[in-house]
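Each remark here refers to the structure printed beneath this line.
Numbers here are sequence positions counted from 1. Keep in mind that the numbers below use all heavy atoms, side chains included, and drop hydrogens, waters and symmetry copies. Note that the structure is predicted; figures quoted are calculated from it, not measured.
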Amino acid sequence: MTLSEAMPLLLETPASPVTLVEGYVPVIDLSSARGGDALGRRNVAEAIGTVCETSGFLVIVGHGVPEAVIAEMYRATKEFFALPQPEKDALLSDPADPLMRGFGRSGSLAASNADAAVEHERRRPDLSQTFTYNRLGDPGAVLPPSADERLRLPNKWPALPGFEEAYRGYYAAMEELSVDIMRLFALALGLPEDWFDDKVDQHMTNLTTNYYPAQPEPPRPGQLRKGLHSDWGSLTVLYQDDAPGGLQVQGADGEWLDVPVIPGSFVINIGDLMAIWTNDKWVSTVHRVVNPPREAAHRERYSMPFFHQPNFDAVIECIPTCADPDRPARHEPVLSGEYITEKFRRAYDL
């Protein structure tokens, strides 16, 4: 089913002009925010802000990213992970790379959690393969003098026709979408629309594609495609396919809920740094990627998250509208770059 075919079903009982489907992970239409109309942008921002105070997860449609850009990225991703293992291993991430560009090393996202038993989690690594591109590996990327020089390590590219172009084109589309969402976040928080602009104009975002292989043998007890974790940055923009064994988010009652898959949509969730920025007014919710049922264990799955990360030297501290005498700042300020590199170290033993 295409998005145009699915939309009439979504629009049967709209909850508001922009919220097409209510729920813990609602579906929100960005169309009215993209035309420059101030009222439309405020309406969308208000809807997003409400979600960020509850689940921190939403599905967006009407985002303006061309279907051809998504399709070409998905094609290139499937082609890469179908390569023989030695060809993928030739692009293995440099052990010194704090952002793990190229073909990813085995690790456990659950080990990155603040309360994790790190060594225990590393003994049951995520059942996935990854490939990562980051703009900091390109010539001309701006970093402060204090930044670790290893952040400039070059990207690795397979010799596949159109692969690099597909990834760069998708990355550019995600940059544009992320800036607009950050501006809607600002409006939702009672800030000037451009408040985040100078904190993300030299962002250090990883575009990390995930391949979840078939599981002919049952996983170890407690081992998942991605262990439970929260994301680390400002926001994540995720494209996922509809294969079994997908994304789940933990509800307020502790129950696990499937995140809906709608053709042509993206899943948006906020990360730890946005929770710090908002003094925990907005929540960075724990999620995971589960294994398929055994009858569908032969199915592969792909997803394409864009982990939007503020500038290396962005100071993440309580923003002006999120504290008052009754709700003082709860977190010490952190530097964006230091925060994410520590998370990578815990997850992947870098």
Side-chain angles (χ1 to χ4, degrees), residues 6 9-10 12-16 19-28 47-61 108-118 120-121 124-128 210 212 215 218-233 235-263 265-276 278-297 299 301-303 305 307 330 343 347:
L9 302 177
L10 298 176
E12 285 180 358
T13 55
S16 77
T19 303
L20 304 182
V21 176
E22 287 280 14
Y24 193 65
V25 183
V27 180
I28 292 180
I48 290 174
T50 298
V51 178
C52 289
E53 291 183 10
T54 53
S55 70
F57 267 80
L58 59 146
V59 175
I60 61 167
V61 297
S108 167
L109 284 180
S112 71
N113 298 324
D115 59 352
V118 175
H120 171 72
E121 296 296 350
R124 49 182 193 182
D126 297 333
L127 297 171
S128 63
N210 294 308
Y212 301 108
Q215 297 179 352
R220 298 180 221 162
Q223 190 177 28
L224 297 173
R225 281 178 157 175
K226 292 285 185 190
L228 63 92
H229 64 284
S230 60
D231 286 351
W232 307 333
L235 66 95
T236 300
V237 183
L238 171 76
Y239 179 82
Q240 57 174 345
D241 68 18
D242 61 357
L247 179 63
Q248 292 185 332
V249 59
Q250 191 170 41
D253 59 359
E255 295 295 312
W256 289 99
L257 305 169
D258 292 329
V259 174
V261 178
I262 297 172
S265 70
F266 294 108
V267 178
I268 306 295
N269 66 278
I270 69 168
D272 297 344
L273 294 188
M274 187 58 70
I276 294 171
T278 61
N279 205 23
D280 294 332
K281 180 180 180 181
W282 288 8
V283 292
S284 177
T285 297
V286 169
H287 50 285
R288 65 186 185 180
V289 180
V290 296
N291 301 315
R294 291 310 302 163
E295 64 270 18
R299 296 282 302 277
R301 182 181 175 88
Y302 302 87
S303 69
F307 295 110
R330 300 179 176 186
K343 288 289 190 177

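- For Ala252 against Tyr24, the heavy-atom pair with the smallest separation is N-OH, 3.5 Å.
- By the 4.5 Å heavy-atom criterion applied to side chains, Leu224 and Asn291 are counted as neighbours.
- In terms of the side chain to side chain contact (heavy atoms under 4.5 Å, CB included) criterion, Pro221 has no residue partners (sequence neighbours excluded).
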Discussion item. Determine whether Leu257 and Phe57 satisfy the following criterion, side-chain contact (heavy atoms from CB on, under 4.5 Å), listing intermediate values before the conclusion.
Written reply: CA-CA 11 Å; Leu257 305 169; Phe57 267 80; over 6 Å; no
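- Annotation: the span from Ile262 atom CD1 to Ile60 atom CD1 amounts to 11.0 Å, rounded to 0.5 Å.
- Under the 4.5 Å side-chain criterion, counting only non-hydrogen atoms from C-beta, Pro244 is in contact with Arg299.
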Worksheet item: Can you list the steps and then say if Val261 with Asp241 is a side-chain contact (heavy atoms from CB on, under 4.5 Å)?
Response: CA-CA 7 Å; Val261 178; Asp241 68 18; over 6 Å; no
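- For the 3.5 Å distance criterion, the side chains of Gln240 and Arg301 qualify, holding a donor opposite an acceptor.
- Side-chain atoms of Arg294 come within 3.5 Å of backbone atoms of Gln215 as a donor-acceptor pair (strictly under, hydrogens ignored).
- Asp280 contributes atom CG, which lies 6.5 Å from atom OG1 of Thr278 (distance to the nearest 0.5 angstrom).
- The main-chain N or O of Pro125 is found under 3.5 Å from a side-chain atom of Gln223 such that the two form a donor-acceptor pair.
- A donor-acceptor pair under 3.5 Å is formed between the side chain of Ser284 and the backbone N or O of Asp272.
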Item to complete: Would you sort out whether Tyr212 and Lys226 count as a side-chain contact (heavy atoms from CB on, under 4.5 Å), showing the intermediate values?
Response: CA-CA 9 Å; Tyr212 301 108; Lys226 292 285 185 190; 3.3 Å; yes
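- Put simply, CE on Met274 and OG1 on Thr236 are 10.5 Å apart, with the number rounded to the nearest 0.5 Å.
- Judged by distance alone, with hydrogens and angles left aside, the side-chain atoms of Asp126 form a donor-acceptor pair with the main-chain N or O of Gly227 at under 3.5 Å.
- Taking both residues in full, the closest heavy atoms of Val249 and Val259 are given as CG1-CG2, 4.1 Å, listed atom of the first, atom of the second, then distance.
- The distance from atom CG of Leu238 to atom NE2 of His287, rounded to the nearest 0.5 Å, is 8.5 Å.
- Looking at Gln250 and Glu255, their side chains never come closer than 4.5 Å, going by heavy atoms from C-beta outward.
- Closest heavy-atom contact between Trp282 and Glu53: CD1-CG, 3.6 Å.
- Checking side-chain atoms of Thr285 against main-chain N and O of Ser55 turns up a donor-acceptor pair under 3.5 Å.
- Closest non-hydrogen pair, Val237 versus Leu235, comes out as CG2-CD1, 3.4 Å.
- Heavy-atom minimum distance, Ile28 versus Leu58: CD1-CD1, 3.9 Å.
- No side-chain donor from either of Ser128 and Asn210 sits under 3.5 Å from a side-chain acceptor of the other.
- Remark: side-chain polar atoms of Arg225 are paired, donor with acceptor, to backbone N or O of Gly245 under 3.5 angstrom.
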